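Everything on this sheet refers to the single structure shown next.
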Amino acid sequence: MEKEQTLCRLLGSKTRGVSQYIDSYIHDDIGLFIPSDSVGGSSLISVPDRPSYMVLVSFDSGGSDVFHYKARVCSPLLSCGDLGTQHYYCIMIAADYFEKRYLMYEEKLPVFEDKPFEICSDILKALNTFAFESSKSMMNSDITLAAQTEIITHWMIRSMIGETLDMRAISDDYSVARAQHYIELHFAENITVSALAKLGCVSESTFNRRFKKETGRTPIEYLIDIRIAQAKKLLRRKNLSVTEVAMRCGFGTGAHFTACFVQKTGATPSEYRNKFQ
């Protein structure tokens, strides 16, 4: 599909919102727009009759060397609020393309009104790869860009429904990867470090050292992180009590669950749930 046609499909106009201050990377069903100057970008976000889904990923270092990523999604014809930063990626996905894939995950398509969601850095890697491939016009790039469009869209949707995945966490060390896979499947059970070490055919001390080196966390810290991530999903559903969520996620008591949840998120389970009311 020609670039001008795709822009029209995404923006509702061939050129509106795309200025000299915005770098654009376009393929058939998706557009990635990155402000190249602090002057540009606002008109892109406020296009009133945009027929596509828009995802904004903003970057804020807070004055430190570590960037924090914040993502928001808006349905067609809806605009996002003030970003508060000129550092962001704007992703527009054609409505029919996005909706067909979203309905593979959920029975009903919601209306996204500037909805925030958690995003993993691997989506950013995929976006940067997409931009590189798009700008280079390499041989057979249509094939790889189509594949990357699928990956980006599915990962975005999974993040929106709370199924985030950070590929950096997947180890190439067999003993560590085997433990990660086991924890993902059995997080609600009573898991010991010695049992995890046996899965990888290494001693407990070797396993502990390798796991901490690979993930930056001890095996128990990793297990608690997985349990907390699962608890967040259950809390957002609102059909279970906090105690039931604790039991389903492998916490022995509600008090232990609350203490771990506050330590990891800064909020109690009830406070977290109320954010999604």
Side-chain angles (χ1 to χ4, degrees), residues 1-60 67 69-102 112 114-115 117 119-157 159-160:
M1 188 180 294
E2 294 294 331
K3 182 175 181 179
E4 290 298 315
Q5 289 179 299
T6 303
L7 279 175
C8 184
R9 189 174 178 218
L10 298 174
L11 296 171
S13 168
K14 291 184 178 180
T15 58
R16 186 190 311 166
V18 181
S19 74
Q20 60 179 317
Y21 304 110
I22 297 174
D23 296 327
S24 58
Y25 308 92
I26 309 295
H27 192 55
D28 292 354
D29 299 292
I30 194 171
L32 170 60
F33 305 92
I34 305 174
S36 56
D37 190 286
S38 60
V39 176
S42 60
S43 59
L44 178 70
I45 298 172
S46 59
V47 173
D49 60 349
R50 171 183 44 78
S52 59
Y53 285 81
M54 179 169 66
V55 176
L56 292 171
V57 182
S58 58
F59 307 87
D60 182 14
F67 276 91
Y69 310 125
K70 300 177 182 178
R72 293 143 64 176
V73 57
C74 295
S75 293
L77 306 180
L78 298 178
S79 60
C80 291
D82 182 27
L83 279 172
T85 178
Q86 69 268 26
H87 305 293
Y88 67 87
Y89 284 3
C90 175
I91 304 97
M92 294 191 185
I93 306 175
D96 56 344
Y97 185 87
F98 178 90
E99 291 170 359
K100 180 178 180 181
R101 283 145 186 83
Y102 192 93
F112 298 111
D114 201 7
K115 177 191 174 181
F117 63 95
I119 190 171
C120 74
S121 61
D122 295 301
I123 293 180
L124 302 179
K125 296 177 187 176
L127 291 170
N128 290 329
T129 301
F130 178 88
F132 181 85
E133 183 84 358
S134 176
S135 63
K136 294 298 182 182
S137 298
M138 299 174 71
M139 185 181 297
N140 295 318
S141 61
D142 277 351
I143 298 173
T144 57
L145 287 171
Q148 288 160 11
T149 299
E150 286 283 0
I151 290 172
I152 290 168
T153 303
H154 280 276
W155 282 5
M156 286 285 186
I157 293 170
S159 294
M160 291 171 196

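Bear in mind that the values here come from a model prediction, so they are computed numbers and not experimental data.
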Item to complete: Quick one: do F112 and Y102 satisfy ring-ring contact (aromatic ring centres under 6.0 Å, His included)? Show the steps, please.
Response: CA-CA 12 Å; F112 298 111; Y102 192 93; 5.8 Å; yes
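- Listed here is the closest heavy atom pair of G12 and P51: N-CD, 3.3 Å.
- Donor-acceptor pairing under 3.5 Å is lacking for the side chains of Y25 and E133.
- Salt-bridge formation is detected for the pair D29/R9: a Lys NZ or Arg NE/NH1/NH2 atom is positioned less than 4.0 Å from an Asp or Glu carboxylate oxygen.
- Residues M92 and L10 share a closest heavy-atom pair of O-CD2, 3.7 Å.
- Between the CE atom of M156 and the CD1 atom of I119 there is a distance of 4.5 Å, given to the nearest 0.5 Å.
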Item to complete: Begin with the C-alpha distance, continue with both residues' side-chain angles, and end with the deciding distance and a verdict on side-chain contact (heavy atoms from CB on, under 4.5 Å) for Y53 and S75.
Response: CA-CA 5 Å; Y53 285 81; S75 293; 3.7 Å; yes
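- Here I30 contributes atom CD1 and I91 contributes atom CD1; the two are 7.0 Å apart, rounded to the nearest 0.5 Å.
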Item to complete: Applying side-chain contact (heavy atoms from CB on, under 4.5 Å), run through Q148 and L145 and close with a yes or a no.
Response: CA-CA 5 Å; Q148 288 160 11; L145 287 171; 3.7 Å; yes
Practice prompt. Applying side-chain contact (heavy atoms from CB on, under 4.5 Å), run through I93 and S52 and close with a yes or a no.
Written response: CA-CA 6 Å; I93 306 175; S52 59; 5.9 Å; no
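- Residue T149 holds its OG1 atom at 10.5 Å from NE2 of H154, rounded to the nearest 0.5 Å.
- Applying side chain to side chain contact (heavy atoms under 4.5 Å, CB included) to W155 and the options I157, T153, I151 leaves one that passes, I151.
- In terms of heavy atoms, F130 sits closest to I26 at CZ-C, 4.4 Å.
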